[in-house]
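Since the structure comes first, as structure tokens, the remarks are kept for the end.
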Amino acid sequence: EMFYTCGPNEAMVVSGCGRSPPVMIAGGRVFVLPCIQQIQRISLNTLTLNVKSDKVYTRHGVPISVTGIAQVKIQGQNKEMLAAACQMFLGKSEAEIAQIALETLEGHQRAIIAHLTVEEIYQDRKKFSEQVFKVASSDLVNMGIGVVSYTLKDVHDDQDYLHSLGKARTAQVQKDARIGEAQYKRDAVIKEAHAMQEKVSAQYMNEIEMAKAQRDYELKKAAYDMEVNTKKAESEMAYQLQVAKTKQRIEEEKMQVQVVERTQQITLQEQEITRREKELEAKVKKPAEAERYRLEKLAEAERLQLIMEAEAEAESIRMKGEAEAFALEAKGRAEAEQMAKKAEAFKEYKEGAMVDMLLEKLPLMAEEISKPLASAQKITMVSSGGSEVGAAKLTGEVLDIMTKLPDAVEKLTGVRISQAAGKPTRNG
């Protein structure tokens, strides 16, 4: 029985009986059975690699040499990466592991150089380093190796290409310096002229400001004087206005008092009206409702009485109507017999009967003729001096109308009343 230990920069792999799959321990201890189990160790130290790529052609066909410094190590804390590293590097030395990683990094470095121009590599080293680090890390991680860092150390060429770029840049810088110097001198002369101009302008502006200040002083003094006088006038007007406002406020308060008094009077009147309404309701309305109920009952009784009386009267009228109808029928038969007899008499006596009937109607005709005179309230008579005046005149006119009736009857019937009256009757 044996215990084995290792530091944090080393990993142990125990295989054999009872260790399937093998046990991997990074920085710790493990129990190993002699003869039937085996223990192996793998280094977890950081390896520094000097990645040199000589005369690699860039995208534009310019050969350059690039040197980079990379820091790599086997990741012992990641079980999957440690297992991959054990499968590939167990039993190999650090130098052998470093050589494998170096060749992998150099291949990726050459590939990236071939896709860039000299200017891109030289001017943006950070971008180049990030691309190599990214591509190499994705490949080495499958071997269980992690790239800790990568830095571009040197870039040079044998064709003086970079030197020529430096000369062009130097010439550009020198030219920019000469131009800058000339511009500085020009700006200095311009600034000096501007300064002189500003000095003269400042002098003139100073004089203008002084004149403006004097003018402003006089204007402000006049404005102040006017403001003072205005304030005095406003003060006097304000005093008078305040007196008027005070009087107005006193009047308004008096009016308000009157309004309050009037409101109280109205309230008292409303309360009195309410009291009287309640009193009226108690003294008049309630008895009136009782009286109305009594009258309604009386009216109902009277209505029933009237209905019964109307029914009795209707029965009486019906019986009376039947009696009257019988009487009228008897009267009609008597009148019919009378008329028949008159008709027979008219046939027998002819003109004498007609004259007799006319004489019977003469008093009625005289009454109808004098009826308008009887209904007159006032009669004014005008005499021409040759006739009677007064009641005798009216009576005479009525008699004149009556004397003209026989002529009218003769024209209408062809019978002369005087002749018919003188003839003897048939029985005479």
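In what follows, residues are counted from 1 in the order of the sequence shown.
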Output, in order, the C-alpha distance, side-chain angles, deciding distance and verdict of side chain to side chain contact (heavy atoms under 4.5 Å, CB included) for Leu295 and Arg292. CA-CA 5 Å; Leu295 293 175; Arg292 181 175 61 83; 5.7 Å; no
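- Heavy atoms of other residues, nucleotides or ligands lying less than 6.0 angstrom from CD of Glu192 number 12 at most.
- Under 4.0 Å is where a charged nitrogen must lie from a carboxylate oxygen, and between Glu329 and Arg333 at least one such pair does.
- Salt bridge status for Lys232 with Glu236: absent, with no side-chain N to carboxylate O gap under 4.0 Å.
- Atom CD of Glu252 has more than 12 heavy atoms from other residues, nucleotides or ligands within 6.0 Å.
- Glu315 and Arg318 are joined by a salt bridge, as a carboxylate oxygen and a charged side-chain nitrogen come within less than 4.0 angstrom of each other.
- For the side-chain hydrogen bond (donor to acceptor under 3.5 Å, both in side chains) with Gln305, the lone residue among Glu309, Glu302, Arg303 that qualifies is Glu309.
- Between Ile145 and Ile97, some side-chain heavy-atom pair lies under the 4.5 Å cut-off.
- Note on Glu272 versus Arg276: salt bridge recorded, some NZ/NE/NH1/NH2 to OD/OE distance being below 4.0 Å.
- Between Pro63 and Asp157 the shortest heavy-atom distance is O-CB, 3.5 Å.
- Under a cut-off of 6.0 angstrom, the local environment of CD in Gln77 is sparse, with at most 12 non-hydrogen atoms contributed by other residues, nucleotides or ligands.
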Determine, stepwise, if the pair Ser65 / Lys52 fulfils side chain to side chain contact (heavy atoms under 4.5 Å, CB included). CA-CA 7 Å; Ser65 298; Lys52 294 185 64 176; over 6 Å; no
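- Glu251 and Lys247 are not joined by a salt bridge, as no carboxylate oxygen comes within less than 4.0 angstrom of a charged side-chain nitrogen.
- Nearest heavy atoms, Leu44 versus Pro8: CD1-O, 4.0 Å.
- We find the OG1-NZ distance between Thr67 and Lys153 to be 7.0 Å, quoted to the nearest 0.5 Å.
- Residues Leu49 and Leu102 share a closest heavy-atom pair of CD1-N, 3.7 Å.
- Residue Glu300 qualifies as enclosed at atom CD: its count of foreign heavy atoms under 6.0 Å is above 12.
- A donor-acceptor pair under 3.5 Å is absent between the side-chain atoms of Asn206 and the main chain of Ala202, judged by distance alone.
- Of all heavy-atom pairs between Asn45 and Lys73, the closest is O-CB, 3.7 Å.
- Looking at heavy atoms from C-beta onward, Asp124 lies in side-chain contact with Lys126 at the 4.5 angstrom threshold.
- A side-chain contact (heavy atoms from CB on, under 4.5 Å) with Glu106 is found for exactly one of Val56, Val51, Val66, namely Val51.
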Working for side chain to side chain contact (heavy atoms under 4.5 Å, CB included), residues Val62 and Tyr57: CA-CA 5 Å; Val62 179; Tyr57 286 92; over 6 Å; no
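- In this structure, OG on Ser129 lies 9.0 Å from CD on Gln109, to the nearest 0.5 angstrom.
- Considering every non-hydrogen atom in both Cys86 and Met24, the closest pair reads SG-SD, 3.9 Å.
- In summary, the side chains of Gln71 and Thr46 do not present any donor paired with an acceptor at a separation below 3.5 Å, with no hydrogens or angles considered.
- The two residues Ala84 and Gly144 come nearest to each other via the heavy atoms CB-N, 4.2 Å.
- Separation of atoms OG1 (Thr263) and CD (Gln256) is listed at 8.0 Å; rounding is to 0.5 Å.
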